[in-house]
Amino acid sequence: MVDLDVPTETAADSRPVLELRDVHAAYGQIEVLHGIDFSVASGGVLALLGPNGAGKSTSLRVASGQMVPTSGCLHVLGRHCNGLKPDALSRAGMCTLPDGRGIFPNLTVTENLRLMTFGGSTRAQVEELTFARFPRLSERRGQVAGTLSGGEQQMLAMARTLSVEPAVLLLDEISMGLAPMIVAELYELVAQIAAEGVAVVLAEQFAATALGVATHVAVVVQGRIVASGTPDALPDDLADAYLGGVAA
Amino acid sequence: MHEFIAYTIIGLVVGAAYAVAAMGLVVTYSTSGIFNIAHGAIGMLMAFVFWQLSVPWHVPAGLAFVITVFILAPLFGAFVERVLIRRVSSASVSVTLVVTIALTLVLIGLVDKIWPPTSRVVAPFFGNHGFNLLGVFVIWQDLITIIIAMAIAIGLRLLLFRTRAGIAMRGVVDNRELIGLFGGRPSRSSTFSWSIGASLASVAGILVAPTLQLDPIILTLLVIDAYAAAMVGRLRSLPMTFVGALAVGLLSSYATGYFPTTGFWNSTPIQGLKLSVPSVLLFIVLLALPMSRLRSGVQRRQVGLPTASLARSIQGGVLLVAAVAVGVNFLNPGNVVTLGISLATGLVCLSLVPLAGWGGQVSLCQMTFAGLGAFAMSKFGHGGSIFGLVAAAGLAAVVGAIVALPALRLRGLYLALATMAFATAMDNMFFPSAVVFGFNGSVHIERPSLFGLHVSTDKSFDIFLAVVFAALAIGLLAMRRGSFGRVLIAMKDSEAACATLGLSLTMTKLLVFALSAAIAGLAGALLGGAESVAGATSFLMLQSLPILVVLVVAGGAICSGALVGGLALGFLPSGVEYLFIGGAGVILGANPEGLLPIAYLRGNRLWKGMAPRDVDGPSAALLGTDKAGALAGGTAA
Ligand SMILES: Nc1ncnc2c1ncn2[C@@H]1O[C@H](COP(=O)(O)OP(=O)(O)O)[C@@H](O)[C@H]1O
Ligand SMILES: [Mg+2]
């Protein structure tokens, strides 16, 4: 874990932990990102907002190494990381929860937790941290993950962020299809993780919840960032159009 | 009682060997998502390697076992995964089937070259020493087999459920990308799973080698018997696989021991049933499988070759006939016969075009249908009667429909395995029967005479075959352009999408199966005519494998692919054809379109304006005959 006594405020502004610079990316012949720039510093929470199909997930896929950008750079902790495989980035301290559920549906809860030890923590540590935070999972440890409720599945997925002690956390629509109470609980955890100095990027289509924890916002539309800044500095019209009228 | 104990012990030992093979298959399938048809061939290769080490090179048997099972086999498995399987890991089931079938052919061909057929004996571990169990003498090898099978079962269970590497192997099938995001290395998992699979295959091969001859085909086919066991475990559950394997072993053993051998029971079909217990079980287990989940279609990269128009296909047909009519005058007599065999084999390939090329249904029993056709021709085609041909197509169509009927609900891999089980059962129960191809296993097949037109000379028969090929291809292409053809393509693209559109595929599958079988049956009758004889060993399941591979390599969805495939099978010198065709399949199988469409498109681009735009027809014939000429010229010179 990033040291807690690092003066995050100043470190945050001087050196971004994760940075995408003029990133273009394509599926086959079709370019879907036409120059994405964003950066996030230690302790910062960047909310990537935008309509369905805007390119949020694709941006995160580039950041996590699942897709190689056709041009532009991916920097992690100041290092050029284009072409690095997801598993290498993961072991270097990047934790990614992809869209959908970031778990193995045919493995049991404990088996899923076992796979969270690639980051270096032991099995006992992972289970202890997880079950302390999400006691409900402890009752279901032998159950096949695919048969858990949506909220429990997302808790299991989030458990990985607890135990791998990441430097960067990428979350793709973790609120999708979940009850508001559970979403609130998950975001509370996100805020807490960020407060410990982790750089967080979260992609969300519905902004209201995300804005509660975001320190920065970037609005993605059709593969481009059309606005970015602190949540309250966004132009009103954009806020209305894409953030579901947060101003109200 | 004594007898019963003896058969039980034999059954358990055989079952244990099946269990080792089947568990390897299941581990590979459940952790890499690919059903390895070549599993048996890998075990066979490793049994030969073990023989080489222990007999000619005098390595002590135990050490040779360790070297083969723990070093060479895992390395070979890893090599296969890295070089072949990784490229097709996200391809459709048919592609992975073709690639692993091609690998099977390569390995059989390779072993045949390295170890030319002679009698080779693998001695059991500790020779014929053993002990008495309930009055039955059991050799140590048998006990070792059972112990090894149990140890492997326990070891695999621990590996897959108790170790992180094992859990990751199971996770990779669920979601390959996610393992990477967790920090695991997905490619390592797959390599590891293929290493284990190859290692288990080698154990099975070495353990059964003493009781069987060290023969590439026998050892390869033996593992097919293990498919039934693997299916009992639904390709997932190791304990069920183990139980299934023991059941297959025991049933086979009791069948051998207790089947009456007198009177009616002495007929070939019934005696063949003894040998067919595993394939019959495989068929039954497949039918009892619950309906598999519809998966959304795999996205295919299209080269965008349009279907030939009527004019083009007629042009192509005329060109083919003309080329053959002229060509036969320049060939020596031997090659005229070979050309006939090639054209008839091309017809067998052609039977797969609507079924596999357009409909996406892999069948591994086309040669069996061809054999049925040859059988019908021998019974009803006296004096070259046209009824022989009608009966050939009709019988094959009826049997094809009967096979397809229960198999209709199966798809992809399971359908392919069901056809394989059917073909294997026919190998044992039907073709060896004296009723079918006579007491010495071969009968004379007459060439048809049509409306007083004699096609009995080799040359005229070649031309006749070309006419039949052209006519069938023109007809098939017309069908392809019609609504039935579009449904076939839709079925190949996605059965799930068809279902949501309310398109019932049951009738479509039945029809295309029957049509394909009918063409194969006709082809078989003509193949018999081309060779003048049909034999009990000419139509085995194994011979259906190169048909599929060669067609896919040449271009599975186009009629000219079948022609080129037939020519390749006919003119490649025997002895290297498995290596050659298998090699081509292994290299090119990942490209589901095949060579010809790509060649056509390249050619089109080169000669834009000169070459016809939809090239299926004429260049097909051109390419085919060019190749025939080149090959024939080569062999004639
Ligand atoms: N696997 C894929 N293949 C092809 N196109 C894709 C794929 N995934 C996403 N796209 C396309 O890329 C664009 C951006 O998608 P995505 O990043 O998933 O958007 P978002 O997450 O913002 O909803 C969309 O137009 C989508 O259709
Ligand atoms: Mg998305």
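These numbers come from a predicted model, not from an experiment. Sequence lines set the chain letters: A, B, ... in the order given, protein chains first and strands last, and positions in each chain run from 1.
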Take atom [atom1] of [X] as the centre, draw a 6.0 Å sphere, and report whether it contains more than 12 heavy atoms from other residues, nucleotides or ligands.
{"X": "A/Gln143", "atom1": "CD", "answer": "yes"}
{"X": "B/Arg188", "atom1": "CZ", "answer": "no"}
{"X": "A/Glu128", "atom1": "CD", "answer": "no"}

Among A/Gly119, A/Ala92, A/Pro105, A/Gly146, who wins on heavy-atom pairs under 4.5 Å with chain B?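 Result: the option with the highest number of such pairs is A/Pro105.
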Are [X] and [Y] packed together at the side-chain level, in the sense that at least one heavy-atom pair is separated by less than 4.5 angstrom?
{"X": "B/Leu181", "Y": "A/Ser90", "answer": "no"}
{"X": "B/Arg170", "Y": "A/Asn106", "answer": "no"}
{"X": "A/Phe104", "Y": "B/Ile167", "answer": "no"}

Name the region of B/Thr163, side chain, backbone, both or neither, that has any atom closer than 4.5 Å to a heavy atom of chain A. backbone
A/Gly102 to B/Leu178 - nearest heavy-atom pair and separation: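 Heavy atoms only, the tightest pair is C-CD2, 3.5 Å.
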Locate the shortest heavy-atom distance separating A/Asp87 from B/Pro186; write the atom from each residue and the value. OD1-CD, 4.4 Å
If we ignore hydrogens and angles and just use 3.5 Å, is the side chain of A/Arg114 paired with the main-chain N or O of B/Arg162 as donor and acceptor?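 It does hold such a pair.
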Residues two or more places apart in sequence or in another chain: which of them pass side-chain hydrogen bond (donor to acceptor under 3.5 Å, both in side chains) with B/Arg164? A/Thr117
Value for CG (A/Leu107) from CZ (B/Phe161), rounded to nearest 0.5 Å, stands at 9.0 Å
With a 4.5 angstrom heavy-atom cut-off, could you sort out which part of A/Ile103 is near chain B: side chain, backbone, both or neither? backbone
